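Remember, it's a predicted structure, so these values are computed and weren't measured experimentally. Every heavy atom of this structure was used, including side-chain atoms; hydrogens, water molecules and symmetry mates were not. Just so it is clear: chains get the letters A, B, ... in the order the sequence lines come, proteins before strands, and each one is counted from 1.
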Number of protein chains: 2
Amino acid sequence: MGESAKPQPTLELVAARAGVSRATVSRVVNGSTKVSAEVNEQVNKAIAELKYVPNRAARSLANGRTNSIALVIPENAAKFFSDPYFATVIQGAAMYLADTEFTLTLLIATEADPAKTGRYLRGGNVDGALILSHHSDDRSYVELAGSLPMVFGGRPMSNESGELHVVDVDNVAAATTATRTILESGRSRVATIAGPQNMGAGQDRLQGWREALEPVGLATDLIEYGDFTPPGGEAAMISLLERGVDIDGIFIASAQMAFGALKILHERGIRVPEDISITTVDNDSYAQSASPPLTTIEQPAERQGAMMAQLLVTLIAGGQVPERTIINTVLIKRGSH
Amino acid sequence: MGESAKPQPTLELVAARAGVSRATVSRVVNGSTKVSAEVNEQVNKAIAELKYVPNRAARSLANGRTNSIALVIPENAAKFFSDPYFATVIQGAAMYLADTEFTLTLLIATEADPAKTGRYLRGGNVDGALILSHHSDDRSYVELAGSLPMVFGGRPMSNESGELHVVDVDNVAAATTATRTILESGRSRVATIAGPQNMGAGQDRLQGWREALEPVGLATDLIEYGDFTPPGGEAAMISLLERGVDIDGIFIASAQMAFGALKILHERGIRVPEDISITTVDNDSYAQSASPPLTTIEQPAERQGAMMAQLLVTLIAGGQVPERTIINTVLIKRGSH
DNA sequence: CTGAAAGCGCTTACAG
DNA sequence: CTGAAAGCGCTTACAG
């Protein structure tokens, strides 16, 4: 008959201690305004004394909300997680949600069972989802957008439906700006190391480079591709050099690739920016620590993540959000151009 | 009376369709062995046809388990998330759990409300927790270990209780090995750039450096500290050089710091490894892309994360796990020593 | 091997 | 402003 130690105190216990009904305790817990100040105080006192914490499962079952949000990440996560840009987006979303009632559930979209994630999302386990997939095979998520509030980070490749909400930077404009910065220092033979063409960011940055060169009558034939990583940048740089063309500028689609490219350039005694002017995207530690430090386009990744979370919360609450939200980028001039 | 569209099919619907009771459907869903093959098949057919997915909240409320695991991360997450090592640990844990019934909930231990995380963990919202905090103020989590299955990544600073489960690399041995590698190339004036001394890894690697030098009668006075980031490494390198001592080797406690130090060395025309031999810890893209590529100790971060998850799952299931699990490191020889 | 029934801890119309 | 009661969708002894 004595009180046992471990089990969490329940609403019922709080109610008994405060001398009110469970309904009233529930109202206090949920911040209902229709509770008298006096009762409100009693109940809060009991809650504090008992260290009562509401049971999520019960609450969820009763009101049909889960208070949890999925963060979907492509399995190809080795690359993904170690990319400071994505890591920072996640951080921004997580920190924003830490101040809300929502909890973030990490979902790895595994290739072994591709339907698993969809099942989970559709299974009523979350109130909404943040999608960071960027590959061409993101169709399944795009289709889910009809039945579950979702916000995409970066534009998905397969956007037929239109009824999507995405938070993105204007990658085309960013690349154009970065490329023009090279032109301003008087260069005229400008190459690019582009990102993967099965990602929106990869496509758009290549496009932006073109849009800077074409209007001024410069050639757009010097293109190599990398996977956004340092080794990818190294390989692309080598290929570029092997062409035997006189290059005096390169727009490189990510700082990590620029970093790899720089290494090759150093090894061959090619000077930056004297011989080749370089600009890139991402203001991460690669851009900052490179020699010379890289002139780059900063993407406010943390803000992007927070924005994604904020929009999703709005969506879940039944609010309206724009289909496309653009996060402004800023050009950071350093020594590489 | 017509069937409406959206609402998830319930257990009840499946039962009706399969012509059995809800209890039986529940048994099938949970893989009970005491169901006849025939009934089992009928039920599974109904489940497939209805695309039934069990409601987590209801299940959780009924059986007292949440099937979710918290991943606790210190708020000081800017540094944290962009550290490839931690990112990879998280990835390892997430991928391991993706194949289980458990879901990973990201918890940022916010400084604004330090008790919030504790409340969440104690509130019965999760079945267990993975703690990646490494600072001296991790006491609150250590204390929680009594009431909730927990596994620590890296040894916590305040380990009074003893009843802890930690997965760690042997940082002392790693540092000793790395430092000895410098000695083997005939160096005798060996400095270190150590990590933060409020983290276990920072302390232990400094200790390992000492243990390599003292037995052979070398001085252990050349110590500078950094925060594990490239800028931290730069600053420490500058301080080291300002001492005006002839240094011919440096053990640097992280690749990111080594990376920063290398930048300073390049600028001053000091050659690596000719003038100064360098070894470090972490086989990430910093170590791989540096010039020269860094001789380093690889910590299998993904495996560490997976191991943490695995041990926690065992603990939750009521199993026994060792208090300390050591992940082996491996020395990777490259051009910097 | 299978079913009826109680119960998990909340929320929420509905009355008053 | 407050309470009694039904209900959220499962699981699990308990019988049979």
Which of B:V126, B:T66, B:L97, B:L312 passes side chain to side chain contact (heavy atoms under 4.5 Å, CB included) with B:F102? It is B:L97
Can you check whether B:N67's main-chain N or O pairs, donor with acceptor, with B:D127's side chain at less than 3.5 Å? yes
Outermost contacting nts on DNA chain D, any atom under 4.0 Å from chain A heavy atoms, listed 5' then 3', are D:dC1 to D:dG9
Output for pair (B:T10 OG1, B:Y52 OH), nearest 0.5 Å, gives 7.5 Å
Heavy-atom nearest nucleotide on DNA chain C taken for A:R27 and for A:V53; more 5' hit belongs to A:V53
Only residue of B:I327, B:T325, B:T88 satisfying side chain to side chain contact (heavy atoms under 4.5 Å, CB included) with B:Q304 is B:I327
On DNA chain D, more 5' by nearest nucleotide between A:V35 and B:S26 is A:V35
With both pairing distances under 3.5 angstrom for Watson-Crick or G-U wobble, and | for a partner in another strand, the correct string for DNA chain C is |||.||||||||.|||
| task | Answer with base, sugar-phosphate or nothing: what part of the nucleic acid does A:V39 contact at a heavy-atom distance below 4.0 Å? | result | sugar-phosphate
Residues of residues 55-63 of chain A with a heavy atom under 4.0 Å from any atom of DNA chain D, listed by number, are A:L61, A:A62
query: Would one find more than 12 heavy atoms of other residues, nucleotides or ligands at under 6.0 Å from atom CD of A:Q320?
result: no
Which of A:T24, A:V25, A:V29 passes side chain to side chain contact (heavy atoms under 4.5 Å, CB included) with A:R27? It is A:T24
**OP:** Please tell me if the side chains of B:V28 and B:V20 come closer than 4.5 Å, counting only heavy atoms from C-beta onward.
**Re:** no
Check your understanding: Distance-only, no hydrogens or angles: does the B:T105 side chain make a donor-acceptor pair with backbone N or O of A:T105 under 3.5 Å?
Key -> no
CG of B:L107 to CG of B:N125, rounded to nearest 0.5 Å, is 9.0 Å
Check: If we only count heavy atoms from C-beta on, is the A:H165 to A:L311 side-chain gap below 4.5 Å?
Finding: no
